[in-house]
Number of protein chains: 2
Amino acid sequence: MIELRHLRYAVTVADEGHITRAAERLGIQQPPLSQQIRNLEDLVGATLFQRLPRGVTLTEAGRTFVDKARIILKDVDLAVEATRRNARGEEGSLAIGFTSSAAFHPLVTTAVRSLGEISPGVRIKLEESSTSDLIDALRAQLIDVAFVRSPVELSKGLTVSRILDEEMFVALPDSHRLVAKRARRASPIQLSELADESFILYRRPSGPGFYDAIIAACGRAGFSPRVKHEAPRLMSTLSLVAAGLGISIIPNSMTRLETNGIAYLPLDRKTQLVAPLHLAHRDEPSGGTLRLFIDIVRRSAPELG
Amino acid sequence: MIELRHLRYAVTVADEGHITRAAERLGIQQPPLSQQIRNLEDLVGATLFQRLPRGVTLTEAGRTFVDKARIILKDVDLAVEATRRNARGEEGSLAIGFTSSAAFHPLVTTAVRSLGEISPGVRIKLEESSTSDLIDALRAQLIDVAFVRSPVELSKGLTVSRILDEEMFVALPDSHRLVAKRARRASPIQLSELADESFILYRRPSGPGFYDAIIAACGRAGFSPRVKHEAPRLMSTLSLVAAGLGISIIPNSMTRLETNGIAYLPLDRKTQLVAPLHLAHRDEPSGGTLRLFIDIVRRSAPELG
DNA sequence: GTAATTGCATACTTTTGGGATATGGCATGA
DNA sequence: TCATGCCATATCCCAAAAGTATGCAATTAC
């Protein structure tokens, strides 16, 4: 069987025109090189070199072979290099999923941008879905990694890591009495101050998300919130607040949205109501690109939390 | 050092997704294949396969490597095939030289055409020069083979083979008395019949060619020819004959030229004046294309001589 | 829940072939 | 004619490829 060794030997002999000097370059002795060239000629079934009293020259068939051998040797080096780049996460692809509420967090956008800058050769695919749809997509290997809000149950086969906790804000119509009151004293809103308000909450049909967490926190504060409206889209929640139909509770990153008619006020931390951000991926050994991305997310979290 | 064996092993394992089945396809046992794959991963510096309880799958880096390995293995096969075709004379190039007087012989044109038909992949280069220039070009490896008329002296390092002898003809103005005489009896012209004629001979400055042979044949016939004109080009010779300035002696193949005002009459064979055609090439082992061409020439000579 | 099966990895042994050394043969150069 | 250059042949050694025996862990069958 022809091996790359044969190709290397033939190319070096062709370059030197002299078997003894070629052997020196290759770090072996002249007789084994002579033999290996003979073996190669047998395997190929053609005379590649014409032996002269002083050195050798390529036959025309030999020239054909050596020209192609040179290219093949270079291609092998390129294949190894490309494989290494891929293993280091410098090329390849990554499918990243995130929930609607995670989409606004600067960590997500910063991490994606960083990956694109560090490894321009990586192709990034983004997917926005519900938590449970993202988990299904992970299991089906449709995506490689996902930002989700709540830690998922039945996470067998997945690794789910808490990246950060985001403080919560109250979104109110800017004409609300609490907004005017706010202007005179700077302290977070107590959940109990919202006992008489109409709540507008975003509830995804396929998963609990914030909904149950907010209900539970109000219970701890001593009241049951009047959920007057449920919105099918996160953006709809804010639209309803702007229309003066009620108030909502949202994670800090959503306050970045420029929406007329809404004021965002911080919620008191004693409510123990936070918006966690988790990173989920499959348990199996990760490719270079995924490892690099996880590393970027972990490094960015402290300053963007 | 990575070898083609490694590439073959990796591609087969990838195709099977199962090391034991891949080993069977490769004709080796499972443990050495497992070891060789591990060695390859060390050499490349990346994990190529993810081991599962039942079989293996490619990592993304592994997919990069195997895709390129597949192409390289195919290129090696193509390189061997192209080398074999070249060795068989089915591709490559051949530089063929010929003297002016040889150019008209149907053997030359037929052989060149046959080579082109048998091996369309061969690139043919034609060169017309004097005998001595062709010999120089052979020695300088500017051409591979040459049709020459006279056997050359100092043919060291060359093989010169007589291919055929061409009978000679007399070229006369068609108003010549010998032409009219010819119409009444059909027998070749005796050289002695030309004793009083003005001769026009083609003499290359760099070599004797026909010139001296004609002079010698006339001497054998009992006279010294009156060489009234010497032409620097073979075609010029015929132009002067057409102009009625004399007669010339030319090889049979030149009679194929359609030239007004000239009649061609065969010369008696007893003159022992023939136009030989030789094939010259270097002594060294010939490439496939040259061997094929020499074979074509030898096979065609009997029916075109 | 337990035993059998699957399939890759490890350990050890055998076989094979690459490479070393010694030397021969032939053409060239002094 | 002798020395030199340089590839080829002969023989030997050892490293690596491959074989065999077995271990380990996950999955499947009962």
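Here is how names work: the chains are called A, B, and so on, in the same order as the sequence lines, proteins then strands, and each is numbered from 1. Side chains are part of it too, since the values below use all heavy atoms of this structure and drop only hydrogens, waters and symmetry mates. The structure presented is a predicted model; accordingly, all values stated were derived computationally and were not measured.
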Looking for any heavy atom pair under 4.0 Å, which part of the strands does Tyr9(A) touch: base, sugar-phosphate only, or nothing?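 Tyr9(A): backbone/sugar contact only, no base atoms under 4.0 Å.
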
Minimum-distance nucleotide to Arg38(A) side chain [options: dT9(D), dC8(C), dC6(D)]: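 Looking only at heavy atoms from C-beta outward on Arg38(A), the closest nucleotide is dT9(D).
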
The side chain of Arg5(B) is closest to which nucleotide in this list: dA18(D), dG19(C), dC6(D)?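 So the nucleotide nearest the side chain must be dA18(D).
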
Charged N-O contact under 4.0 Å between Arg84(A) and Glu91(A):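 Answer for the salt bridge query: no.
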
Under a 4.0 Å N-O cut-off, is there an ion pair linking Glu90(A) with Arg88(A)?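 So Glu90(A) pairs with Arg88(A) through a salt bridge.
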
Do the side chains of Ser100(B) and Glu128(B) get nearer than 4.5 Å, heavy atoms only?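 They are in side-chain contact.
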
At less than 4.0 Å, is any side-chain N or O atom of Gln36(A) found next to OP1 or OP2 of dG18(C)? Yes or no.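 Looking at the OP1 and OP2 atoms of dG18(C), one of them is under 4.0 Å from a side-chain N or O of Gln36(A).
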
For atom [atom1] of [X] and atom [atom2] of [N], their distance in whole Å:
X        : N       : atom1 : atom2 : result
Leu52(B) : dA25(D) : CG    : C1'   : 13 Å
His6(B)  : dA16(D) : NE2   : P     : 11 Å
Leu33(B) : dT20(D) : CG    : C1'   : 16 Å

So which protein N/O to nucleotides 26-30 of chain D N/O distances come out below 3.5 Å?
residue, atom, partner, partner atom, Å
dT27(D), O2, Arg54(B), NH2, 3.3

Once each nucleotide of nucleotides 20-25 of chain C is scored for protein heavy atoms under 4.0 Å, what B/S/- sequence comes out, 5' to 3'? BBB---

With sequence neighbours excluded, tell me which residues meet salt bridge (charged side-chain N to carboxylate O under 4.0 Å, His left out) with Arg70(B).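 In terms of salt bridge (charged side-chain N to carboxylate O under 4.0 Å, His left out), with neighbours along the sequence ignored, Arg70(B) is linked to Asp15(B).
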
Please find the pair of heavy atoms, one from Ala61(A) and one from Asn86(B), that lie closest to each other, and give the distance.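 In this case the closest contact between Ala61(A) and Asn86(B) is N-OD1, 3.2 Å.
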
